[in-house]
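To start, the structure under review is shown below, and the notes come after it.
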Number of protein chains: 2
Amino acid sequence: MEKKQNYSRKREAILKAIQGTTCHPTAEWVYQKLKPEYPDLSLGTVYRNIAQFKNDGTIISVGTVNGQERYDGNIQPHTHFVCSCCGAVIDIPGNFISLDANVEIAERYHLRIDSSEVLFHGICSNCLQRQKPL
Amino acid sequence: MEKKQNYSRKREAILKAIQGTTCHPTAEWVYQKLKPEYPDLSLGTVYRNIAQFKNDGTIISVGTVNGQERYDGNIQPHTHFVCSCCGAVIDIPGNFISLDANVEIAERYHLRIDSSEVLFHGICSNCLQRQKPL
DNA sequence: TCAATAATAGTAATCATTCTTGTTTCTGTT
DNA sequence: AACAGAAACAAGAATGATTACTATTATTGA
Ligand SMILES: [Mn+2]
Ligand SMILES: [Mn+2]
Ligand SMILES: [Zn+2]
Ligand SMILES: [Zn+2]
């Protein structure tokens, strides 16, 4: 039996904040973003609802950058670039892993693959420009 | 001028522990592994030396699983599978991203790519077997 | 309206990692 | 071997992100 889920204005706002940006925000970013409109919002509420969204598959985690987890409201398979200078996480359209590869690896190693992701690491264009004028 | 690096028996042991396993250990794992032979080893020393190795490029980080960073003494480009059940990190030989793709993406988005990695998520063979007899 | 239950704010607790400080170990030189 | 300066260390405190707890408030369906 599934648990009943009541409506909550704050939950909706948290989801929309994550879905409405491409910056792959942290929980803290969402909290600061919504604080003006919801002055009594609690950081724990942001974390609790994010955990639910992740669990439902409504959002995904892009991993941890500088000790903070980054989330993504875009659940279509796509690729990410992480700037090791400023921590920006940038979308790279396209899926670099073929479905065939997934199936072959799963069979060869006797494991079940649920998802695959590609990550590029480097320096983003902003940070490159800022480093130039030496 | 580069900083002089003195020899340290513990540093060597920490590096060998990481290079001598394919389990992609945590700092805590390394600490527990070496504790019997080095009873006065400090967890801080493990972290400090790991940070150095990472900085030198002697080892790499495979990312964070269940809140703990995982390290890899194999710095050849290869692929990883992360079990979402038990947290195991397993090597998958092979590099799925062509060098050409790196160059093309770097040019198109005006950024510098230093490395690329592929990550599979799913259930490992051990956990699959344990789940079967229901 | 009203009782049952879900969600929240505020705060305390947890846990991985980093920092600080006083001590010990290395290393090159007498 | 003894010495001095630099590097590494142990132990424990501090930090910071995340989670857990609890008393209160909001939502829901009858
Ligand atoms: Mn994205
Ligand atoms: Mn590996
Ligand atoms: Zn950047
Ligand atoms: Zn497993």
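Every chain is numbered from 1 and lettered A, B, ... according to where its sequence line falls, protein lines coming before strand lines.
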Should B:Tyr38 and B:Ile50 be regarded as members of a common hydrophobic cluster, given that ILVMFWY residues are connected when their side-chain heavy atoms come within less than 4.5 Å of each other, either directly or indirectly? yes
Would you kindly give the CD-to-C1' distance between B:Gln5 and D:dC9, to the nearest whole Å? 14 Å
Indicate every side-chain donor-acceptor pair of residues 53-63 of chain B with a distance under 3.5 Å to a residue at least two apart or in another chain.
unit_1: B:Lys54; atom_1: NZ; unit_2: B:Glu69; atom_2: OE2; d: 3.1
unit_1: B:Ser61; atom_1: OG; unit_2: B:Gly63; atom_2: N; d: 3.1
unit_1: B:Ser61; atom_1: OG; unit_2: B:Glu69; atom_2: OE2; d: 2.7

In residues 101-118 of chain B, what donor-acceptor pairs under 3.5 Å come from side-chain atoms, sequence neighbours left out?
unit_1: B:Glu104; atom_1: OE2; unit_2: B:Arg108; atom_2: NH2; d: 2.2
unit_1: B:Arg112; atom_1: NE; unit_2: B:Asp114; atom_2: OD1; d: 3.0
unit_1: B:Arg112; atom_1: NH2; unit_2: B:Asp114; atom_2: OD1; d: 3.4
unit_1: B:Arg112; atom_1: NH2; unit_2: B:Asp114; atom_2: OD2; d: 3.3
unit_1: B:Glu117; atom_1: OE2; unit_2: A:His121; atom_2: NE2; d: 2.8

ILVMFWY clustering at 4.5 Å (side-chain atoms), partners of B:Leu99: none
B:Leu41 atom CG is separated from D:dC9 atom P, nearest whole Å, by 9 Å
Among residues at least two apart in sequence or on other chains, which ones pass side chain to side chain contact (heavy atoms under 4.5 Å, CB included) with A:Asn6? A:Lys4
Nearest-angstrom distance from the residue atom OH of A:Tyr31 to C1' of C:dT8: 13 Å
Please report the distance, rounded to the nearest Å, between CH2 in B:Trp29 and C1' in C:dC15. 21 Å
Neighbours of DNA chain C within residues 6-21 of chain B, by heavy-atom distance under 4.0 Å: B:Asn6, B:Tyr7
Considering all heavy atoms of both residues, which atom of A:Leu43 and which atom of A:Ala27 are nearest to each other, and what is their separation? CD1-O, 4.2 Å
Sequence neighbours excluded - salt bridge (charged side-chain N to carboxylate O under 4.0 Å, His left out) pairs with any residue from residues 36-49 of chain A: A:Lys10-A:Asp40
For B:Phe120, which residues count as a ring-ring contact (aromatic ring centres under 6.0 Å, His included) partner, sequence neighbours excluded? B:Phe96
Whole-Å gap separating C1' (C:dA9) and CG (A:Asn49): 13 Å
Quick test: give all pairs of protein nitrogen or oxygen and nucleotides 28-30 of chain C nitrogen or oxygen below 3.5 Å, distance rounded to 0.1 Å.
none

Identify every side-chain donor-acceptor pair in residues 78-91 of chain B under 3.5 Å, counting partners at least two apart or on other chains, and give the distances.
unit_1: B:His78; atom_1: ND1; unit_2: B:Gln76; atom_2: O; d: 2.6
unit_1: B:His78; atom_1: NE2; unit_2: B:Asp72; atom_2: OD2; d: 3.0
unit_1: B:His78; atom_1: NE2; unit_2: B:His80; atom_2: NE2; d: 2.9
unit_1: B:His78; atom_1: NE2; unit_2: B:Asp91; atom_2: OD1; d: 2.9
unit_1: B:Thr79; atom_1: OG1; unit_2: B:Gly94; atom_2: O; d: 2.8
unit_1: B:His80; atom_1: NE2; unit_2: B:His24; atom_2: NE2; d: 3.1
unit_1: B:His80; atom_1: NE2; unit_2: B:Asp72; atom_2: OD2; d: 3.0
unit_1: B:His80; atom_1: NE2; unit_2: B:Asp91; atom_2: OD1; d: 3.0
unit_1: B:Ser84; atom_1: OG; unit_2: B:Gly122; atom_2: O; d: 3.0
unit_1: B:Asp91; atom_1: OD1; unit_2: B:His24; atom_2: NE2; d: 2.9

Does A:Ile14 reach the side chain of A:Leu34, with side-chain heavy atoms less than 4.5 Å apart? yes
For C:dG10, does OP1 or OP2 lie under 4.0 Å from any side-chain N or O of A:Ser42? no
Kindly compute the distance separating OG1 (B:Thr26) from OH (B:Tyr71), expressed to the nearest 0.5 Å. 8.0 Å
Within this structure, what is the CG-to-C1' distance between B:Asn66 and D:dA17, rounded to whole angstrom? 15 Å
Distances for protein N/O vs nucleotides 18-24 of chain D N/O pairs under 3.5 angstrom?
unit_1: D:dT18; atom_1: OP1; unit_2: A:Glu69; atom_2: N; d: 2.9
unit_1: D:dT18; atom_1: OP2; unit_2: A:Tyr47; atom_2: OH; d: 2.2
unit_1: D:dT18; atom_1: O5'; unit_2: A:Tyr47; atom_2: OH; d: 3.3

By side chain to side chain contact (heavy atoms under 4.5 Å, CB included), B:Thr21 pairs with (sequence neighbours left out) B:Cys23, B:Pro25, B:Trp29
For the residue pair A:Arg130 and A:Asn126, establish whether any side-chain heavy-atom pair is separated by less than 4.5 Å. yes
To the nearest Å, how far apart are B:Gln52 CD and C:dT18 C1'? 14 Å
Estimated bend of the helix from C:dT1-D:dA30 to C:dT30-D:dA1 (axis per five terminal pairs, rounded to 10 degrees): 30°
